[in-house]
Amino acid sequence: MTAERIAAALREAAAGLGAPGADVQLERPKDPSHGDLASNLALALASRLRRAPREIAADLKGRLDGLAGIDRIEVAGPGFLNFFLELRAVGEALGRILAERSDYGRSREGEGRRIMVEFVSANPTGPLHLGHGRQAALGDALASLLEWSGWSVHREFYFNDAGRQTELLAESVLARYRQLLGHEDPVPKGGYQGEYVAEIARALLERDGLRYEDDAGGAELEAIRRFAIEAMQETQKRYLAAFGVRFDEYFAETALYREGRVRATLQALDEAGVVYERDGATWLRTATFGDQKDRVMLKSDGSATYFLPDVAYHVGKWERGFRDVINVQGADHHSTVDRVRAGLQALGIPEGYPEYLLHQMVTVVRGDEEVRFSKRSGSYTTLGELIEEVGVDVARYFFLIRRPEAHLVFDLELALDQSDKNPVYKVKYAHARLCRLSRIARRRGWDGMDGPDAPEADASLLSAPSERELTKRLADFPATLGRATKARAPHILCDYLERTAGVVNSWYQAGHPSRDPEASALVEDEPTRRARLTLAVAARIVLANGLQVLGIEAPARMTRGS
RNA sequence: GCGCCCGUAGCUCAGCUGGAUAGAGCAUCGGCCUUCUAAGCCGAGGGUCCCAGGUUCGAGUCCUGGCGGGCGUACCA
């Protein structure tokens with residue numbers, strides 16, 4: 001590729017000027033008058049070479065003579081080198097896109113190594129809410145990005161099925177169950193009030209009949225607890241499936257106890273000399289490893305806090321062979337980061353393990369009005385209700401549209417809009433328009449662009465500014481995916497897709513028959529038509545692949561609403 | 001009090017290793033449909049990048065200190 005050749009030539013030229021091993025990065029100038037590619041190498045080398053940047057740039061330029069595919073090189077501004085490529089070189093990406101098709105954008109960066117992405121990890125004590133929605137979309141998109149970058153990804157969901165909260169759930173279910181039988185049991189203090197608890201109680205009654213009616217004391221609470229957790233998990237899994245998210249493994253906290261891993265972790269920490277007793281409780285010296293203060297592992301009543309099994313769980317991840325782990329969590333859990341890492345470090349696991357991706361909270365608005373999370377009608381309490389109203393694709397996209405560390409405002413009014421104002425639809429429409437071009441071409445007997453044996457198009461015929469711009473954008477797709485993956489930031493891909501869709505729409509519109517038939521992809525001149533249809537197919541592939549990464553459908557046609 | 005995150009156009013937000021004149025969508029205003037679906041396109045206005053210092057040839061981006069907002073800071077989960 002031309003860009004790689006230029007970078008290599010620049011490195012060599014820099015070495016020739018006395019600066020070997022320079023880190024050369026080419027960038028896409030925003031302004032087309034700054035060329036197709038630009039390098040700030042001369043600026044970066046100025047202090048090292050103790051020379052004026054523009055002077056260095058001129059020397060570099062002198063050493064780059066005769067590079068194929070380059071029309072001209074300019075020294076500009078404070079010392080930039082701007083490269084203007086021949087159209088053929090700009091268009092070389094098109095051939096690659098047509099050849100790689102649905103694989104265009106994949107890389108081998110991860111070299112097949114295993115990586116775990118843990119996300120959602122909701123407690124089995126209630127339905128999934130909107131925060132879980134953001135996490136589901138984010139974790140799944142991140143996992144998908146990693147797969148596209150050549151990692152072997154394991155998607156995992158951890159659930160706390162052992163703590164006090166699950167007992168409270170069971171007690172709440174029992175109260176509701178007895179209410180169904182005409183008793184006046186109140187839901188326990190701090191218990192779960194939601195309607196879903198009553199539903200579980202009804203299901204329990206249906207399955208087991210009157211078995212627990214006289215069990216106000218709770219002798220069979222364990223059976224109820226298991227039933228409730230299972231029911232809750234079924235519901236969660238159903239919503240996640242509807243949301244298009246699938247996990248390789250659901251990991252239960254109780255498994256840690258059953259296998260003795262909690263006790264073993266406690267013992268190992270004790271042997272490491274980082275455990276002490278105070279006020280009847282057992283503490284871990286997490287402050288020694290960067291935590292703000294020491295933490296309790298065993299309460300004075302002998303039961304464990306969440307912290308201890310959390311550490312045991314992550315020791316398990318390490319022992320299962322996962323050297324790369326990303327935990328996707330809400331920012332309200334950020335205090336666990338330091339303490340879990342501290343516990344792991346005390347056991348000799350490297351600092352900074354595991355990696356965390358913390359995302360900020362979600363607020364929902366309808367126009368100017370904030371939607372409160374309450375049980376009153378018209379408010380959203382669960383992910384399921386949201387999906388039902390706006391659809392899976394819109395929900396997924398909206399959850400991904402912002403940087404994880406930025407607060408997310410979910411606008412229902414915009415989400416329900418089906419015009420191009422809605423960014424998801426903008427991308428889908430662009431994709432559908434490109435499909436339509438190919439359909440019409442086929443209908444007119446101009447076939448052959450879509451097959452695997454499509455003849456090479458002449459990219460030098462793509463001379464309009466919008467064609468050049470679109471071609472360059474398409475060439476940047478693999479690098480954009482790479483950047484999004486490394487930054488753990490799917491929104492970078494959203495941003496790319498929206499901009500690309502904008503360029504597509506603009507190009508499409510310029511060639512609309514009512515505007516300029518000569519600029520259309522469907523012109524009579526065969527070589528020109530072939531080149532433009534190739535561009536259309538390439539753009540379609542890129543949009544489809546991008547949406548695929550985000551788990552969003554790329555329709556070949558959009559049906560007009562009434 | 002302490003810790004993490006955020007502060008960019010009226011609103012919601014991008015801004016890649018520090019680089020050229022700070023960008024997009026929405027909203028507002030003005031143009032463009034007999035033609036491949038205009039669910040669109042073109043154009044315009046709109047900015048003390050929270051403030052103050054510092055590092056640098058160069059800071060929205062890095063450092064320090066403020067101010068404002070969110071989330072944490074349990075022998076809760």
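Below, each value reflects all heavy atoms present in this structure, side chains not excepted, and no hydrogens, waters or symmetry copies. Proteins come first, then strands; the chains are lettered A, B, ... in the order of their sequence lines, and each starts at number 1. Worth saying up front: this structure is predicted, and the values here are computed from it rather than measured.
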| note | Ordered by number, residues from residues 494-504 of chain A within less than 4.0 Å of RNA chain B (heavy atoms) are D495(A), R499(A)
| Which of parallel (below 30°), tilted (30 to 60°) and perpendicular (above 60°) describes F410(A) and F398(A)? | tilted
| message | Base contacts versus sugar-phosphate-only contacts with protein, heavy atoms under 4.0 Å: please encode nucleotides 2-7 of chain B as B, S and - from 5' to 3'. | response | BBBSS-
| said: Is it the case that the side chain of Y496(A) and the backbone of R473(A) share a donor-acceptor pair, with hydrogens and angles ignored and the cut-off at 3.5 Å? | reply: yes
| task | Return yes if the base of C32(B) and the side-chain atoms of R515(A) contain a donor-acceptor N/O pair under 3.5 Å, otherwise no. | result | yes
| request: Could you check how far CG of L437(A) sits from P of U35(B), rounded to whole Å? | output: 16 Å
| request: Using the aromatic ring of H491(A) (for Trp, its six-membered ring), decide whether it stacks on the base of A14(B) within the limits of 5.5 Å and 30°. | output: no
| Between A27(B) and K421(A), is there an OP1 or OP2 to side-chain N/O distance shorter than 4.0 Å? | yes
| message | Is S514(A) close enough to C32(B) that one of its side-chain N or O atoms is under 4.0 Å from OP1 or OP2 there? | response | no
| task | Tell me, please, whether F84(A) has R72(A) positioned over its six-membered ring: NZ or CZ under 6.0 Å from the ring centre and within 45 degrees of its axis? | result | yes
| If you take atom types as modelled and just measure distance, does the side chain of Y306(A) reach the base of A77(B) with a donor-acceptor pair under 3.5 Å? | no
| Can you find an N or O donor on one side and an acceptor on the other, under 3.5 Å apart, linking the side chain of S300(A) with the base of C75(B)? | yes
